[in-house]
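Letters A, B, ... are given to chains in the order of the sequence lines, protein chains preceding strands, and every chain is numbered from 1. Not measured: the values here are computed from a predicted model.
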Amino acid sequence: MKVGYDAPAIEKKWQRLWEDSETYQVSTDDPRPKAYVLCMYPYPSGPAHQGHVRNYTFGDVNVRFRTMNGMAVLSPLGFDSFGLPAENAAIKTGVHPRIFTDERIAELKGSLKRLGAAYDWRREIKSHDPSYIRWSQFLFIQLLNAGLAYQSEAPVNWCPGCKTVLANEQVLADGTCERSGDLVIRRNLRQWFLRITSYADELLDDLDQLDWPERVKTMQRNWIGRSVGAEIDLEVCGSEAGKITVFTTRPDTIYGMTFAVVAPEHPAILALASPERIDEVGAYIAEVATRSELDRVSGDGGFKKGVALGTFVVNPANGQKVPLYVAEYVLGHYGTGAVMGVPGEDERDFDFAGTHGIGVIETVSRPEGWPGGAYPGDGVKINSGFLDGMTVQRAKEAAITWLESSGFGRRTVKYRLRDWLVSRQRYWGCPIPIIHCEGCGAVPVPVEELPVLAPDDVEFLPTGESPLAKHIGFSEVTCPSCGGKARRETDTMDTFVDSSWYFLRFCDPFAEDKPFDMAAVGKWMPVDQYIGGVEHAILHLMYARFFTKALSDMGLVPKSLREPFSKLFTQGMIRLEGSKMSKSKGNLVTPQRYFDTVGADALRLFHFFVGPPSDDVDWTSQTDEMIEGCHRFLSRVFNLGFQIPVLDGADGIPENEAVLELMRLQDRVTNGIERWAYNTSVAALMEYTNALYRLVAAGADPYLLEHGYRTLLLMLAPFTPHLAAEVYEQRYGRDVHLERWPQVDRELLQAALVSLVVQVNGKMREVIEVDPKITEEEAIQTALALPKVASLVGEGGPRRVIAKLPKVVNLLV
RNA sequence: GCCCGGGUGGUGGAAUGGUAGACACGGAGGCCUCAAAAGCCUUUGCUCGCAAGGGCGUGCGGGUUCGAGUCCCGCCCCGGGUACCA
């Protein structure tokens with residue numbers, strides 16, 4: 001009796017067997033060549049969604065394919081289990097974040113197992129696990145000791161009504177508190193920073209050696225934003241402040257300075273204002289402070305707000321006095337918080353000058369037809385004293401040389417990248433292991449006392465304030481250094497800290513006396529293939545790179561390990577009818593319904609087949625039909641087995657065109673995997689199956705059919721692991737996932753006849769099968785022997801022949 | 001605004017400068033069936049033609065080339081990132 005393809009039953013059977021399987025468990029002393037394949041560990045939000053399916057099936061095909069190619073593949077997974085949603089749920093429902101999170105993890109893990117993804121679950125990591133918290137805190141202290149962590153004042157969103165800090169998401173678009181409706185203001189709070197900027201140059205330069213999408217590298221380069229220029233000291237007249245320093249990437253334009261501007265946050269701002277203007281300036285600054293940064297930056301377009309300080313600065317190049325302003329278009333946190341105003345060559349300065357009636361001096365000759373306004377491009381210097389006649393590039397150098405020799409300024413490099421603010425006024429995060437003592441300052445908690453764990457007996461109230469700050473038992477402590485009364489740090493770390501080293505812990509998650517074993521990290525790192533969403537292109541990937549470099553310098557990982565992820569692949573997003581699919585929009589199409597009907601293999605196959613893995617997928621009304629199609633294909637594969645008897649040995653296979661056709665398709669499957677074009681691999685697998693059906697119908701050699709079907713099952717193993725395992729076991733009593741990936745016979749392929757296109761005047765007219773070593777003379781003769789070609793070429797023969805053998809001959813008449 | 005991607009049948013998409021539309025979805029017709037579902041077969045870019053066969057076709061306009069979806073120049077549209085970073 002013929003049994004149909006019952007995917008859910010087959011899949012559940014194999015998933016039970018895989019629970020105890022050691023196939024994807026590896027150890028540090030594994031003799032096979034290593035491969036570390038890692039998918040970004042997920043935030044546990046409940047059962048898997050299609051985005052997870054896409055991410056983790058792509059990872060899985062990598063793991064299974066490499067394993068079949070004889071490698072020891074490290075394939076771990078864990079959960080990024082700290083974060084705001086669990087805390088918000090606690091406020092709403094009263095359920096403790098740990099209970100909430102553990103439930104979500106169980107759900108997500110369940111659906112990943114249901115998907116059939118292969119992991120070494122012994123290595124599972126959870127960010128909120130005390131054994132992980134301990135080492136996150138340990139690493140924070142190491143960074144502190146290395147001078148890479150420090151405290152500083154930084155602005156936060158402060159709600160005067162709730163008397164607490166708000167996350168950005170809690171501030172509404174109009175700048176009010178989502179809870180109390182009060183106007184949120186920016187207020188400075190003492191917070192912890194990690195000194196990522198000291199690695200700015202290396203983070204920038206090392207991008208060149210990474211095999212990452214160019215797009216991601218570009219985003220990181222822009223984020224770091226390295227700018228080479230000069231600082232120029234300007235003498236201020238009419239105030240006691242003395243001088244200000246401006247930063248510019250265009251020191252060549254110094255003769256075009258017709259004003260100067262300082263940011264409202266400039267520390268010396270009030271000292272810079274003239275006594276008559278000080279009230280107005282103070283009012284302006286106060287007004288700016290009430291507005292959010294977003295509001296300040298958006299909206300105004302060309303109109304640039306600001307007020308004159310009533311004082312002047314001296315242009316060091318020509319001794320002329322120009323007015324000084326405060327304006328919000330100059331940012332306090334970038335450069336020196338002050339700029340020289342050069343309306344001739346800078347668009348923003350041009351707008352400001354126009355608004356405030358300031359003159360313009362052009363210092364670069366304009367190209368013909370330039371419509372007016374600021375000109376930021378190249379050209380010859382004019383109106384610029386000793387710089388006249390130089391190109392912009394040369395003048396920049398000359399200006400810097402002059403600034404340095406005259407003492408008015410110096411060559412400087414500035415970065416857009418800012419230090420990483422890691423303090424979060426939250427409960428559900430990794431506590432920062434610090435004790436504040438009046439006498440001793442910030443003292444790290446002794447390593448043997450780690451981990452510092454947040455107490456469970458806290459109240460989750462909708463105030464927005466961290467429950468830890470109010471917990472006396474937690475916050476009131478004695479100083480580990482002097483034994484005096486002290487206060488525990490109640491802020492927790494940004495969850496990006498947890499994800500900045502989890503890939504290292506995966507190498508050796510069993511270590512109890514250290515975050516990871518040096519030798520294990522040396523064995524497995526760097527990650528050979530990292531897979532995740534492009535939404536992490538900047539923050540996570542930059543922070544993880546920073547951690548790796550810092551830990552390398554601190555000697556915690558091998559000195560030679562400077563980059564964590566050699567290759568990166570970013571898979572496309574899932575959209576629903578054009579918009580982003582997300583839980584908050586309530587428009588998720590869950591995988592579970594497919595698991596229950598067509599099965600995980602069919603859903604996996606759909607994700608491979610729908611298009612290039614890097615492209616977005618639009619989930620439409622037709623998607624279900626395509627998934628049905630994938631299921632139909634798998635049924636065809638399953639049923640084909642009943643028509644092909646199992647035979648021993650493959651000696652009887654004749655060398656004919658059918659063998660070659662199958663081998664070419666086989667080659668395309670492998671090729672698709674290697675170049676991240678799984679959609680073409682699946683297309684080749686479908687053609688392969690169609691070819692076998694045709695061969696069965698044509699009564700082909702049984703040994704050829706047997707060999708072809710066996711090869712098909714082997715090739716399906718990474719894509720649809722359950723189906724392949726089931727049929728392979730039934731036929732051969734062996735585990736398909738322990739078999740070797742099928743190899744093609746290159747010599748046979750290369751010796752086979754190929755298609756030669758015959759063109760006349762560049763138009764395709766005939767296709768003929770020829771020996772790949774055909775000579776030009778033979779090709780022309782064969783082509784001309786074709787009646788159609790002969791009649792098109794006519795009596796005189798071709799005027800000229802272009803031959804790219806063995807692909808094409810083009811006869812020109 | 002700037003920086004990346006990308007525009008190919010009704011749809012998803014394929015195509016190292018060399019047969020455009022592989023493979024699939026959907027559609028049409030047929031076989032099987034009392035009927036349906038499932039399955040199988042044929043067909044399916046547009047167009048002229050009874051046919052054989054021809055012409056046109058990869059967002060638009062130019063160019064390079066024997067030959068361009070692919071390379072170059074200039075536009076248009078869509079998606080993403082970033083946003084007063086001096």
Partner lookup for [N], please. Criteria are Watson-Crick or G-U wobble with both distances under 3.5 angstrom; report none if nothing qualifies.
N: B:A15; result: none
N: B:C60; result: B:G74
N: B:C2; result: B:G81
N: B:A22; result: none
N: B:C50; result: none

From the options [options], select the nucleotide whose nearest atom is closest to the side chain of [X].
X: A:Arg765; options: B:U19, B:G54, B:G18; value: B:G54
X: A:Arg575; options: B:C66, B:G80, B:G54; value: B:G80
X: A:Asn222; options: B:G67, B:G54, B:C3; value: B:C3

Taking [atom1] from [X] and [atom2] from [N], how many angstroms apart are they, rounded to a whole number?
X: A:Asp616; N: B:G7; atom1: CG; atom2: P; result: 13 Å
X: A:Phe606; N: B:G13; atom1: CZ; atom2: C1'; result: 12 Å
X: A:Leu605; N: B:G12; atom1: CG; atom2: C1'; result: 14 Å
X: A:Ile802; N: B:C66; atom1: CD1; atom2: P; result: 6 Å
X: A:Leu417; N: B:U82; atom1: CG; atom2: P; result: 15 Å
X: A:Lys804; N: B:G18; atom1: NZ; atom2: C1'; result: 9 Å
X: A:Phe638; N: B:G39; atom1: CZ; atom2: C1'; result: 16 Å
X: A:Gln643; N: B:C40; atom1: CD; atom2: P; result: 11 Å

More than 12 heavy atoms of other groups within 6.0 Å of A:Glu347 CD: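 Not buried by this count: 12 neighbours or fewer within 6.0 Å.
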Ring center gap for A:Phe352 and A:Phe259 short of 6.0 angstrom: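 A:Phe352 vs A:Phe259: aromatic centres under 6.0 Å.
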Just checking A:His631 against A:Tyr5, ring centres under 6.0 Å apart?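 A:His631 vs A:Tyr5: aromatic centres under 6.0 Å.
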Mind telling me whether A:Trp619 and A:Phe606 have parallel, tilted or perpendicular rings, with 30° and 60° as the class edges?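 Taking A:Trp619 first and then A:Phe606, their aromatic rings stand perpendicular (interplane angle over 60°).
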Taking the six-membered ring for Trp, are A:Trp676 and A:Tyr678 parallel (under 30°), tilted (30 to 60°) or perpendicular (over 60°)?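 Ring orientation of A:Trp676 relative to A:Tyr678: tilted.
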Using a 4.0 Å heavy-atom cut-off, does [X] contact any base of the nucleic acid, only the sugar-phosphate backbone, or nothing at all?
X: A:Val610; answer: sugar-phosphate
X: A:Arg215; answer: sugar-phosphate
X: A:Ser755; answer: base
X: A:Glu214; answer: nothing

Taking ring-ring contact (aromatic ring centres under 6.0 Å, His included) as the test, write out the residues that go with A:Phe496, two or more places apart.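 A:Tyr543.
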If we take the [atom1] atom in both [N] and [M], what is their distance in whole Å?
N: B:A86; M: B:G6; atom1: C1'; value: 33 Å
N: B:U44; M: B:A37; atom1: C1'; value: 25 Å
N: B:G59; M: B:U42; atom1: P; value: 32 Å
N: B:A52; M: B:G57; atom1: P; value: 23 Å
N: B:G81; M: B:U43; atom1: C1'; value: 45 Å
N: B:G30; M: B:A35; atom1: P; value: 14 Å
N: B:G17; M: B:A68; atom1: P; value: 15 Å
N: B:A20; M: B:U82; atom1: C1'; value: 37 Å

List the atom of A:Ile224, the atom of A:Ala200, and the distance in Å for their closest heavy-atom pair.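 Shortest heavy-atom separation between A:Ile224 and A:Ala200 comes out as CG2-O, 4.0 Å.
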If you look at every heavy atom in A:Arg545 and A:Leu210, which pair is closest and at what distance?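 Between these two residues, the closest heavy atoms are NE-CD1, 4.0 Å.
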Chi-angle category of B:G39 [syn within 90° of 0, anti beyond]: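 Because its glycosidic torsion lies more than 90° from 0, B:G39 adopts the anti conformation.
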Quick one: do the A:Tyr255 and A:Asn315 side chains pair a donor with an acceptor below 3.5 Å?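 Not at all, the side chains of A:Tyr255 and A:Asn315 share no donor-acceptor pair under 3.5 Å.
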Tabulate atom names and distances for all N/O pairs under 3.5 angstrom spanning the protein and nucleotides 24-27 of chain B.
from	atom 1	to	atom 2	distance (Å)
B:A24	OP1	A:Asn690	ND2	3.0
B:C25	OP1	A:Arg632	NH1	2.6

Could you go over nucleotides 14-17 of chain B and give all protein N or O partners under 3.5 Å, atom names and distances?
from	atom 1	to	atom 2	distance (Å)
B:A14	OP1	A:Asn679	ND2	3.0
B:A15	OP1	A:Arg675	NH1	3.4
B:A15	OP1	A:Arg675	NH2	3.1

Do you know which of A:Met573, A:Arg575, A:Gln571, A:Arg54 makes side-chain contact (heavy atoms from CB on, under 4.5 Å) with A:Val617?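 Going through A:Met573, A:Arg575, A:Gln571, A:Arg54 one by one, the side-chain contact (heavy atoms from CB on, under 4.5 Å) with A:Val617 is satisfied by A:Arg54 alone.
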State, yes or no, whether a side-chain contact exists between A:Leu603 and A:Gln50 at a heavy-atom distance under 4.5 Å.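 Side chain of A:Leu603 against side chain of A:Gln50, heavy atoms only: contact under 4.5 Å found.
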Is any side-chain heavy atom of A:Asn679 closer than 4.5 Å to one of A:Phe608?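 No, their side chains stay 4.5 Å or more apart.
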Residue whose nearest RNA chain B nucleotide is more 5′ - A:Ile538 or A:Tyr415: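 Its nearest nucleotide lies further toward 5', so the answer is A:Ile538.
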A:Ala684 vs A:Thr249, nearer the 5' end of RNA chain B by closest nucleotide: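 Mapping each residue to its closest nucleotide by heavy atoms, the 5'-most match is A:Ala684.
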Can you say whether a donor on the side chain of A:Glu347 sits under 3.5 Å from an acceptor on the base of B:G1, or the other way round?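 Answer is no: no donor-acceptor pair is held.
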